[in-house]
Every structure is written in structure tokens, then in C-alpha cells.
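One-based numbering along the sequence shown.
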Amino acid sequence: RAPFGSMERFVAVLIEHTAGNFPLWLTPEQAIILPISEKYSEYAQKILHLLRKFDIRATIDERSEKAGRKIRDAEMKKIPFMVIVGEKEEAENSISIRKHGEGDLGSMSVEEFANKINKEIEGLLSNN
């Protein structure tokens, strides 16, 4: 029982130290895909499939809430990246990115986003 007790203490210290803002490599959900409306659910599924090919842990928020509410909820959950998809993104085959605590990062391709996340993870791991 002692190893489990020390593990629980370690996790408690980690949560307290990071205030729930886990490092990108450790967070259970690295990105959340937020379709603007139900019309873009199919495009969101396509993006999810591509992100998983790049070993990025992501989910889709398919609730019928407004985009602002979905963004606010993702910020409250402390999800590092929000991938917003709508008509413009589908037409351009791109995604719009928001980062937790920083705001809008602009539009980019899925490959650029995956490279950005992987470089950030490599940078975090090499610094520690």
C-alpha cells in the first residue's frame, strides 16, 4: 500500500503545483475540436482522424451550444488547444487555433498544427 500512497501524494503535488495546467505532453486531452455548427461535424471528424494520425490526443465537442460557450468551457477545462472549424476552414481545408490563456493563433493546416504541438512537446521535454 505504501507505493500507492506515495503515488497519490505525487499526483496531488503535481496538480497543486501546476494548478491543473498540465504540461502539453502530460495533459489527457491536448486539443478539442469545436465545430461552429452541426453542419461541420463531418469535417470535424476528418480533422480528428488526421490529428490522431499525428499521435495528438483530441476530442470533438459536438454539443449544440454556441461557439463562444464551447470556447469558454474548453478554457475552463484547461485544454491546451482549441481547434475551431467552420465554413471558411472547410473551404480552405485548414483549421483555426486558439491556445489556452493566449487566445487566437490564426489559421493553419493540420500538418502545421501537428508539427507545432510536437515541437512544443520536444522543447518541454528537452528543457526538463
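Applying the side-chain contact (heavy atoms from CB on, under 4.5 Å) rule to Glu102 yields the partners Lys99, Leu105; only residues at least two apart in sequence or on another chain are considered. Under the side-chain hydrogen bond (donor to acceptor under 3.5 Å, both in side chains) criterion, Arg52 pairs with no residue, sequence neighbours left out. Residues meeting the salt bridge (charged side-chain N to carboxylate O under 4.0 Å, His left out) test with Asp104, sequence neighbours left out: none. Residues satisfying the side-chain hydrogen bond (donor to acceptor under 3.5 Å, both in side chains) test with Ser94, not counting sequence neighbours, are Ser107. Applying the side-chain contact (heavy atoms from CB on, under 4.5 Å) rule to Arg69 yields the partners Glu65, Asp73; only residues at least two apart in sequence or on another chain are considered. By the salt bridge (charged side-chain N to carboxylate O under 4.0 Å, His left out) test, Lys77 is found to be paired with no residue, residues two or more places apart in sequence or in another chain being considered. Applying the side-chain contact (heavy atoms from CB on, under 4.5 Å) criterion to Val11, with sequence neighbours excluded, gives Met7, Ile15. Taking Thr18 as the reference, nothing meets the side-chain hydrogen bond (donor to acceptor under 3.5 Å, both in side chains) condition, with sequence neighbours excluded. Applying the side-chain contact (heavy atoms from CB on, under 4.5 Å) criterion to Asn115, with sequence neighbours excluded, gives no partner residue.
In this structure, CD in Glu111 is found 8.5 Å from CD1 in Ile95, a value given to the nearest 0.5 Å. To the nearest 0.5 Å, atoms CD (Glu120) and CG (Leu24) are separated by 5.0 Å.
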Between Gln30 and Leu51, does a side-chain contact (heavy atoms from CB on, under 4.5 Å) hold up when you go through it step by step? CA-CA 10 Å; Gln30 295 171 324; Leu51 289 176; over 6 Å; no
Begin from the C-alpha positions of Ile47 and Val110 and carry the test side-chain contact (heavy atoms from CB on, under 4.5 Å) through to its verdict. CA-CA 7 Å; Ile47 297 300; Val110 175; 3.5 Å; yes
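When every heavy atom of Lys78 is checked against every heavy atom of Asn21, the shortest pair comes out as CD-OD1, 3.2 Å.
The environment of Arg72 atom CZ is sparse: at most 12 non-hydrogen atoms of other residues, nucleotides or ligands sit within 6.0 angstrom.
Under the 4.5 Å side-chain heavy-atom criterion for grouping Ile, Leu, Val, Met, Phe, Trp and Tyr, Ile79 is not connected to Phe54 through any hydrophobic cluster. In the hydrophobic clustering of this structure, Phe22 groups with Ile56; members are Ile, Leu, Val, Met, Phe, Trp, Tyr whose side-chain heavy atoms approach within less than 4.5 Å, directly or through other members. In the hydrophobic clustering of ILVMFWY residues, with side-chain heavy atoms under 4.5 Å counting as a link, Ile117 and Ile97 come out together. Hydrophobic cluster membership is shared by Met108 and Leu50, with clusters built from Ile, Leu, Val, Met, Phe, Trp and Tyr side chains linked at under 4.5 angstrom.
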Could you give the side-chain donor-acceptor pairs of residues 82-93 under 3.5 Å, partners two or more places apart or in another chain?
unit_1 : atom_1 : unit_2 : atom_2 : d
Glu89  : OE1    : Gly86  : N      : 2.9
Glu89  : OE2    : Ser96  : OG     : 2.6
Asn93  : OD1    : Lys46  : NZ     : 3.3

In residues 33-40, what donor-acceptor pairs under 3.5 Å come from side-chain atoms, sequence neighbours left out?
unit_1 : atom_1 : unit_2 : atom_2 : d
Ser37  : OG     : Lys39  : N      : 3.4

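Using modelled atom types, one side-chain atom of Arg57 and one backbone atom of Thr27 make a donor-acceptor pair closer than 3.5 Å.
Contact of the Leu14 side chain with the Leu26 side chain is registered, since non-hydrogen atoms from C-beta on lie closer than 4.5 Å.
Evaluation of the ring-ring contact (aromatic ring centres under 6.0 Å, His included) test over residues 96-124, restricted to residues two or more places apart or in two chains, returns Phe81-Phe113.
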